[in-house]
Amino acid sequence: MSRVDVRKTYKLYIGGEFPRSESGRSYPALDARGRVVARVAQASRKDLRDAVRHARNAQASWAARSGYNRGQILYRVAEMIEDRFETFVSQVQVTDPDRRRARREVTEAIDTIVWYAGWADKFAQIYGNLNPVAGPFFNISAPEPTGVVGIVAPQDSALLGLVSRLSAVLVSGNTAVVIASESRPMPAVTLAEVLATSDVPPGVVNILTGHTDELIPWLADHMDVNAIDAAGATPEQRRRIQEGAVHNVKRVVLDGEFGDRSPYVIAAFTETKTVWHPKGL
Amino acid sequence: MEPQTTENTEVASRKADVLAPRIEWEYVPSRESTDIVEIADRYDLFIGGEFRKPKSGKYFPTVDPATEETLAEVAEAGPDDVDAAVAAARAAFEDGWGRMPGSERAKYIFRIARMIQERSRELAVLETLDGGKPIKESRDVDLPQVAANFFYYAGWADKLEYAFPGFRPEPLGVAGQVIPWNFPLLMLAWKVAPALATGNTVVLKPAETTPLTALVFAEITAEAGLPPGVFNVVTGAGETGAAVVGHPDVDKVAFTGSTEVGKLIQSQVAGTRKRLTLELGGKAAHVIFDDAPIDQAIEGVVNGIFFNQGHVCCAGSRLFVQENIHDLFVDKLKARLATLRVGDPLDKNTDVGAINSRQQLEKIRQLVEAGVEEGAEIYQPQCELPDRGYWFVPTLFTGVSQSHRIAQEEIFGPVLSIMSFRTPAEAVEKANNTPYGLSAGVWTSKGSRILWMADRMKAGVVWANTYNKFDPASPFGGYKESGFGREGGRHGLLNYVKHAGGRP
């Protein structure tokens with residue numbers, strides 16, 4: 001008689017912990033043929049608010065780390081995904097059974113994280129500069145993280161899409177509240193388990209599974225979220241995000257003008273600070 | 001060079017100064033002549049390279065805020081006029097401005113820069129007449145900066161591929177730009193120069209209280225031979241601005257003004273693919289440590305809040321003085337305030353000119369009243385103000401608490417709220433306690449502390465041991481509710497380009 005396998009409970013990832021939704025709700029994750037393969041937590045407004053609170057608390061110290069340090073931590077995430085390569089492949093295959101495509105998705109995801117990790121201590125050199133002003137002043141512009149960023153993760157590319165958007169947000173020192181792909185939530189939850197064991201400080205990444213239509217308005221209207229990556233939002237959801245953004249002048253990034261890898265995606269979630277100081281005796 | 005006096009006679013003469021009875025000098029104004037400016041009775045819209053009567057048939061007056069006299073009537077653009085302006089801009093973009101070699105675009109912009117320099121005195125006087133700012137400032141700050149911005153961005157036009165590594169820049173198309181009344185021509189330059197350099201065409205909506213210099217600028221572009229439709233001006237008030245922002249054929253919206261209106265614009269653009277940059281309000285913290293060069297800091301603080309009557313989005317309107325020098329600093333500030341000359345903006349000695357409009361004067365009065373009602377202590381020097389016009393005496397508030405409206409809301413006038421702090425950490429905490437994040441100032445002799453503070457203050461521009469410095473090469477723009485995007489410098493180009501290949 002074959003052994004009965006032990007199944008995983010798919011929970012939220014908030015402040016470094018794995019709670020179920022405070023609402024007590026879950027929803028079924030389906031495979032490509034429409035069969036229920038797991039039940040995942042269905043996050044509520046309160047879960048989202050908790051996630052934002054943890055992201056805010058973690059932001060200053062994450063940003064205060066050196067780029068070198070953030071780069072190493074992101075690289076460590078890539079190491080840990082590589083280590084669980086087959087787990088991720090099988091989870092991508094739940095909704096996209098083509099094994100070759102699934103393997104490519106996972107390798108691309110790992111390589112993209114490594115690519116972004118390397119930017120952590122270089123990005124400011126590309127995007128910042130000394131400004132040659134017409135006067136006796138030292139004048140320098142450099143990027144700083146925008147703060148707490150909400151990410152509506154791409155719906156189809158549940159792993160690669162997610163890590164691409166997430167890496168670009170994290171590398172400059174932002175913290176993130178992610179709304180995972182609604183129909184393909186499993187890779188995001190497993191990614192959370194990787195993050196929890198990869199030296200990423202609690203609260204730096206928070207991952208919510210649930211109904212995007214329910215969660216997006218709370219994210220869009222939240223006064224302590226500074227920017228939103230709307231890459232995975234439908235046109236109607238995008239409009240809702242842009243309307244909510246008005247309350248506190250959030251920055252909204254609509255989609256991938258630059259594809260999965262670009263320092264200009266990092267730039268979209270930074271603020272340029274310019275400092276002047278006189279030169280003189 | 002003058003022959004050197006011996007040290008002894010110098011000392012003796014200084015003693016004589018001290019001992020001599022105080023002489024009451026009679027003030028003699030030194031008024032800039034307005035002969036250089038010819039103001040027409042009526043101005044039309046500038047569309048497709050020519051001045052056109054508004055289809056709306058409407059005109060509105062623009063007044064000199066120092067005399068309350070009407071200077072001219074200006075066309076009020078309705079939706080049909082905005083439509084015509086956008087169509088002209090679209091046609092000019094498609095007809096070749098967007099594809100013209102950068103080196104050729106550059107030469108038009110260089111021409112414009114030169115023509116501004118040649119008409120700089122005329123434009124300075126007109127700016128002062130229409131807006132009320134001291135001639136000293138329009139002549140020495142606004143106009144030189146206007147020309148410098150065109151000169152700076154002209155040089156970028158044929159070098160765009162070097163601006164951002166790996167980024168292949170292409171123009172966006174038609175830019176709708178809405179600008180404020182505090183630096184009318186300078187804000188035009190900040191918006192128009194980078195837009196043209198990157199190959200976009202422009203529909204500009206100047207502020208309704210200060211439209212005149214933009215109309216002279218329109219004339220300059222025509223004289224410079226700029227192809228018709230590349231630059232268009234639609235004058236009017238908020239409704240005209242909303243028509244520009246909402247026009248479906250506008251690809252890019254750039255706005256400078258209040259956070260309140262900025263939010264309306266952000267909301268109007270929601271659900272479209274339009275690019276948006278916003279440069280909004282501020283409530284800048286100006287932090288003075290006890291080791292600061294006090295007299296220099298006093299000058300910095302005065303410049304920070306009284307420059308341009310405090311009609312400056314980056315004005316240092318919240319002063320934080322380290323507790324142990326608070327009283328000394330406030331005394332010195334009061335003494336300095338008494339020497340400020342408030343009055344006729346055309347007088348070359350005037351430090352603080354006229355408040356831009358009756359409406360703005362009302363807003364300042366209301367907030368100052370709220371400051372008094374909420375329990376802050378007000379100080380205003382003795383000042384003789386002209387009988388007519390809109391004026392407000394430079395004002396200090398001490399004993400201000402973080403929750404007072406005068407510590408939270410943008411006053412946009414010559415009003416300074418003074419608070420104190422003990423430790424650097426407290427200074428940072430208080431400085432960042434605002435939804436705004438446009439600019440900040442810090443004064444201290446300790447280098448490491450400057451950088452420590454600069455790292456922590458959430459503001460797009462940090463002035464250390466200086467304040468209110470601007471340069472075309474230096475990016476400007478805010479954090480948080482002060483808006484997004486940067487104007488000026490290499491970063492300023494990014495508002496007006498997309499990556500070749502573009503969005504899906």
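In what follows, chains are A, B, ... by sequence order, proteins preceding strands, each numbered from 1.
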Options B/G478, B/A454, B/S474, B/P472, ranked by heavy-atom pairs under 4.5 Å with chain A, top entry: B/S474

B/I450 to A/H277 - nearest heavy-atom pair and separation: CD1-NE2, 3.4 Å

Residues of residues 462-469 of chain B with any heavy atom under 4.5 Å of a heavy atom in chain A: B/V462, B/W463, B/A464, B/N465, B/T466, B/K469

When B/G483, B/G166, B/G485 are compared by non-hydrogen pairs under 4.5 Å with chain A, the top option: B/G483

B/R449, CZ: over 12 other non-hydrogen atoms inside 6.0 angstrom: yes

More than 12 heavy atoms from other groups under 6.0 Å of NZ on A/K122: yes

Chain B contact via A/N139 - side chain, backbone, both or neither, heavy atoms under 4.5 Å: side chain

Part of A/Y127 within contact of chain B (heavy atom distance under 4.5 Å): both

Atom CZ of A/R65 with >12 non-hydrogen neighbours under 6.0 angstrom: yes

Heavy-atom pairs under 4.5 Å with chain A, option from B/G488, B/G489, B/A459 with the top count: B/A459

N/O donor-acceptor pair under 3.5 Å between A/R239 side chain and B/T272 backbone: no

Chain B interface, residue from A/E243, A/M223, A/E144 that has the most non-hydrogen pairs under 4.5 Å: A/E144

Chain A contact via B/R456 - side chain, backbone, both or neither, heavy atoms under 4.5 Å: backbone

Heavy atoms of other groups near A/Y75 OH, more than 12 under 6.0 Å: no

Atom CD of B/E161 with >12 non-hydrogen neighbours under 6.0 angstrom: yes

Closest heavy-atom pair and its distance - B/D471, A/A134: OD2-N, 2.8 Å

Heavy-atom proximity to chain A below 4.5 Å, by part of B/L278: side chain

Rounded distance (nearest 0.5 Å) linking atom OG1 of A/T146 with atom OH of B/Y479: 8.0 Å

Residues that A/W115 engages under ring pair (Phe, Tyr, Trp, His ring centres under 6.0 Å), provided they are two or more places apart: A/W119

Pairs of heavy atoms under 4.5 Å with chain B: top-ranked of A/V246, A/N131, A/V252: A/V246

Atom group of B/I265 that falls short of 4.5 Å from chain A, counting heavy atoms: neither

Distance-minimising heavy-atom pair for B/H491 and A/S141: CE1-CB, 4.0 Å

Toward chain A: residues of residues 293-303 of chain B with heavy atoms under 4.5 Å: none

A/V249 backbone acceptor or donor facing B/E481 side chain under 3.5 Å: no

Chain A interface, residue from B/S267, B/P435, B/P475, B/G437 that has the most non-hydrogen pairs under 4.5 Å: B/P475

B/K263 side chain to A/H247 backbone, donor-acceptor under 3.5 Å: yes

Those residues of residues 262-275 of chain A, ordered by number, that approach chain B below 4.5 Å (heavy atom to heavy atom): A/Y264, A/E271, A/T272, A/K273, A/T274, A/V275

